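In what follows, a structure is listed as structure tokens, so that the remarks can point back to it.
Bear in mind that the values here come from a model prediction, so they are computed numbers and not experimental data.
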Amino acid sequence: MIRLIQLIHPQHGRRIAVVDEPRLRLLNETTSIFSLAQLAVAEKISLEKIISSRLSSEALDYDSIYAGDSEWRLLPAFDHPDEPPRCLVTGTGLTHKKSAENRQAMHANTSALQAGEELPPKKKEPALTDSMKMYQWGVAGGRPAEGEIGVAPEWFYKGNGTILRAHNEPLEVPNFADDGGEEAEVAGAYIVGAEGNPRRIGLVLGNEFSDHVMEKKNYLWLAPSKLRTCSIGPELVVDADFHDVHGTIKIERAGKIFWTQSFRTGEKNMSHTVANLEHHHFKYPEHRRPGDAHLYFFGADAFSFGAGIILRDGDVTEIELSGFGRPLRNPIRIDSSPQKFLSVPQL
């Protein structure tokens, strides 16, 4: 599998490299994966061929860069280098059974309490929430035959490319947030060609960081709970095997592992095929604007919030997934300063 990274140096600027453990082999004449993909589209050749044609003999030590001990610094594994706001960061939930079960448990009791009802006995199953119903719709109709259209998934907007963080960069919990929690996922990286057709460049490991406490209060707050920073990388996999992959989430606190859990993802473990998710994302004309970039998260199988973990300032999240290169690590930074009223004057 071809694994690409983006990195930057104070003097030498941006570069792209191919992972050739334990080294990084730099590519010539290209400073971003986005522009490399654009060139492949323009010249009507595969990304693999254009990578091979630009592979140099210049190599860097990956260990020191990964650890943050080099002047070279890792960037998010995909972005829109010239206009970050033209990278649309979105995602879909309820594609994994455990995620749907977490949502069901999160919202079933909350709905009953808000309605003034008594909670059902533990032995009695609560009524299905809208979240569980949507997951079941996906199970029933999210895996259509090739070339056919299946049921639409849940979809959410996270922000534009300015929210992307790289390996080792902090994920911020703003002072207006209720919480911040990791979500270990895989995201698709896409460009839209000059004629308006989207192309998938590859897949990337990600931490789709969200505010689960806000969402738990009322599922209609799902939309603002997603407007947070998120991280991707360190490596983008051009030809990833995404059938059945397994990984591990770790939370480190004060230098020690505080919580860990394994997870599985890939199409075998999802209620929707990637093709069905992509169809329903790119069917909208505004998602096929020539020259745009897209990062689309495919959903989570497990997260620490479901185990009752509340992340603290200084905690470090680590996500590792087989076939997706080195783990993605990010410290947590919580802004505990008081909120200030934002006044908007009339012109």
(request) Report the residues that fulfil ring-ring contact (aromatic ring centres under 6.0 Å, His included) with Phe298, sequence neighbours left out, ordered by chain and then residue number. (result) Phe242, Tyr296
(message) Restricting to ring-ring contact (aromatic ring centres under 6.0 Å, His included), what partner residues turn up for His246, sequence neighbours left out?
(response) none
(request) Could you check if a side-chain atom of Leu74 sits within less than 4.5 angstrom of a side-chain atom of Ile65, using non-hydrogen atoms only? (result) yes
(message) By the side-chain hydrogen bond (donor to acceptor under 3.5 Å, both in side chains) test, which pairs, at least two apart or in different chains, include something from residues 33-48?
(response) Ser32-Ser35
(message) Between Glu215 and Lys226 (salt bridge meaning N to carboxylate O under 4.0 Å), is one present in this structure?
(response) no
(message) Let's go through Asp244 and Asn269 carefully: what are the C-alpha distance in whole Å and the side-chain angles of both, what is the deciding distance for side chain to side chain contact (heavy atoms under 4.5 Å, CB included) to 0.1 Å, and is it a yes or a no?
(response) CA-CA 7 Å; Asp244 181 20; Asn269 306 294; 2.9 Å; yes
(message) Contact between Ile149 and Pro144 at the side-chain level, heavy atoms closer than 4.5 Å - yes or no?
(response) no
(message) Measuring only between side-chain heavy atoms, which start at C-beta, is Leu277 closer than 4.5 Å to Met270?
(response) yes
(request) State whether Asp20 and Arg23 are salt-bridged, where the test is any N-O pair (Lys NZ or Arg NE/NH1/NH2 against Asp/Glu carboxylate O) under 4.0 Å. (result) yes
(request) Test Pro84 against every option in Asn160, Thr162, Asp79, Ile163 by the side chain to side chain contact (heavy atoms under 4.5 Å, CB included) rule and name the one that passes. (result) Thr162
(message) Please tell me whether His12 and Glu71 have a donor and an acceptor in their side chains that are separated by less than 3.5 angstrom.
(response) no
(request) Could you give me the CA-CA distance, side-chain angles and deciding distance for Phe282 and His294, then say whether ring-ring contact (aromatic ring centres under 6.0 Å, His included) is met? (result) CA-CA 10 Å; Phe282 287 108; His294 289 254; 5.0 Å; yes
(message) Quick test of your reading of the model: are Arg333 and Glu172 salt-bridged, counting only N-O distances below 4.0 Å?
(response) no
(message) Restricting to non-hydrogen atoms, name the atom on Gly181 and the atom on Leu311 that form the minimum distance, rounded to 0.1 Å.
(response) CA-CD1, 4.0 Å
(request) Could you tell me whether Asp178 and Lys217 make a salt bridge, using a distance below 4.0 angstrom between a side-chain N and a carboxylate O? (result) yes
(request) Determine, stepwise, if the pair Glu182 / Ser304 fulfils side-chain hydrogen bond (donor to acceptor under 3.5 Å, both in side chains). (result) CA-CA 7 Å; Glu182 92 295 332; Ser304 61; 2.6 Å; yes
(message) Any salt bridge linking Glu21 with Arg326? Criterion: basic side-chain nitrogen under 4.0 Å from a carboxylate oxygen.
(response) yes
